[in-house]
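Just so it is clear, the structure is predicted and the values come from calculations on it, not from any experiment. Counting convention: from 1, in listed order, for ligands and their atoms alike.
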Amino acid sequence: MTFDRSIKIAPSILSADFANFGKECEAIEAEGCDWVHVDVMDGHFVPNITFGPATCAAIRPHIKGVMDVHLMIEPVDPYIDAFAKAGADVITAHVEASTHIHRTLQAIRGAGAKAGIALNPATPASSIEYLLDMIDLVCVMTVNPGFGGQKFIHSQVDKVAQLRAMIGDRPIHIEIDGGVTPETAPLVAGAGADVLVAGSAVFKGGSVNNTAPYGNNIRAIRTAAEAVAS
Ligand code: DX5
Ligand code: ZN
């Protein structure tokens, strides 16, 4: 993985056809996405359950680019090696899910993956002040984690701007997760985000047998974001 701040669109397969993950991953890459965002939920840290490392390993051969694994699980540490072995390029843990998040981030890098940290909407930017040299990505949740298709929380745009200032020249991606559409993408891209996760806004109107809408949806988000990205 090389680092740059160009806009990257990362469809969340939470909105894909769960019976066809392999084909869905191939379809969104063929339709022009940059990363594939994989939402792991445990029914404990968040009120929903998706899947675990075995599913990540099964879809890995169907993804040519970056597999971006977002862990909404608590605890995190016992599962890091399994997700790294499953082929995750980025493993993101929530700051709220680990008492010793510093140790968690060390373990993620130690397992050979890029380390991401996610912040729930109520968690301030300052929570990562002493972690900046240990992370490769910060994920700003613009919905409460657990479900796709929720409404974008506008107060988070200011948090993105604060994080962008804190990060300075460090090679740290700012990722936005939740409620990203062609309407909200410019708000966060203008504030300094470079990775835009989108579930419902990418998969809407399409299917594994009709993938062209995925491409149209990806281009609509990218065009709106690139118009304002610095
Ligand atoms: C929410 C997940 C998101 C979600 C985004 O808990 O982490 O990745 O799938 O879905 P949309 O884009 O539909 O808000
Ligand atoms: Zn996510």
- prompt: How far is atom 12 (O) of ligand 1 from its nearest protein heavy atom, and which residue and atom name does that atom have?
  reply: G199 N, 2.7 Å

message: Less than 6.0 angstrom separating the ring centers of F3 and H173, yes or no?
response: yes

message: Could you check whether E31 and T211, counting side-chain N and O atoms only, form a donor-acceptor pair closer than 3.5 Å?
response: yes

query: For G178, is at least one N or O under 3.5 Å away from an N or O on ligand 1?
result: no

message: Within the 3.5 Å criterion, strictly below it, is a donor on H37 or D39 matched to an acceptor on the partner's side chain?
response: yes

- line: Counting only protein N, O or S atoms (no waters) closer than 2.8 Å to the Zn ion (ligand 2) gives 4

- line: Counting from 1 in the order shown, the ligand 1 atoms closer than 4.0 Å to a non-hydrogen atom of S12 are 8 (O), 9 (O)

message: Under 3.5 Å between any N/O of A198 and any N/O of ligand 1: does that happen in this structure?
response: no

statement: A student checking ligand 1 against V197 at a 4.0 Å heavy-atom cut-off should list atoms 8 (O)

- prompt: Using a distance-only test with no angle check, is there a side-chain donor-acceptor pair under 3.5 angstrom linking H70 and D177?
  reply: yes

- request: Answer yes or no: are there more than 12 heavy-atom neighbours, outside F147 itself, under 6.0 Å from its atom CZ?
  value: yes

- prompt: Crowded around R103 CZ? As in, over 12 foreign heavy atoms under 6.0 Å?
  reply: no

K8 and its side chain to side chain donor-acceptor pair (under 3.5 Å) partner, picked from D34, D194, D68: D194

field: Atoms of ligand 1 close to H37 [distance to a heavy atom under 4.0 angstrom, numbered from 1]
entry: 8 (O)

Atom indices of ligand 1, in the order listed, that fall short of 4.0 Å to a heavy atom of M72: 6 (O), 7 (O)

- line: Note: ligand 1 atoms sitting under 4.0 Å from heavy atoms of D177 are 2 (C), 3 (C), 4 (C), 5 (C), 7 (O), 8 (O)

query: Going by the atom numbers of ligand 1, which of them fall below 4.0 Å from some non-hydrogen atom of S200?
result: 11 (P), 12 (O), 13 (O)

message: Under a 3.5 Å cutoff, is there a donor and acceptor pairing between the side chains of T123 and E96?
response: yes

query: Side chains of K159 and Q162: donor-acceptor distance under 3.5 Å anywhere?
result: no

task: Consider every N or O of V180 and every N or O of ligand 1, then say whether any pair is closer than 3.5 Å.
output: no

field: atom 1 (C) of ligand 1 [closest protein heavy-atom partner, distance rounded to 0.1 Å]
entry: F147 O, 3.7 Å

- request: Go through D17 and K23 one step at a time and tell me if the salt bridge (charged side-chain N to carboxylate O under 4.0 Å, His left out) criterion holds.
  value: CA-CA 9 Å; D17 175 356; K23 282 185 185 160; over 6 Å; no

- prompt: Would a 4.5 Å heavy-atom cut-off, applied to side chains only, mark V197 and I176 as touching?
  reply: no

query: Looking at atom 6 (O) of ligand 1, what's its closest protein heavy atom, distance included?
result: G146 N, 2.7 Å

- prompt: Between H62 and F21, is the gap from one ring center to the other below 6.0 Å?
  reply: no

field: Interfacing atoms of ligand 1 (cut-off 4.0 Å, heavy-atom, M41)
entry: 6 (O)

- request: Return the residue, atom name and 0.1 Å-rounded distance of the protein heavy atom closest to atom 14 (O) of ligand 1.
  value: G179 N, 2.8 Å

- line: In this structure, NE2 of H94 is separated from CG of L119 (nearest 0.5 Å) by 8.5 Å

message: Would G148 count as being in polar contact with ligand 1, using the rule that some N or O on each side must be under 3.5 angstrom apart?
response: no

Enumerated ligand 1 atoms positioned under 4.0 Å from heavy atoms of H70: 7 (O)

field: N209 side chain to S207 side chain, donor-acceptor N/O pair below 3.5 angstrom
entry: no

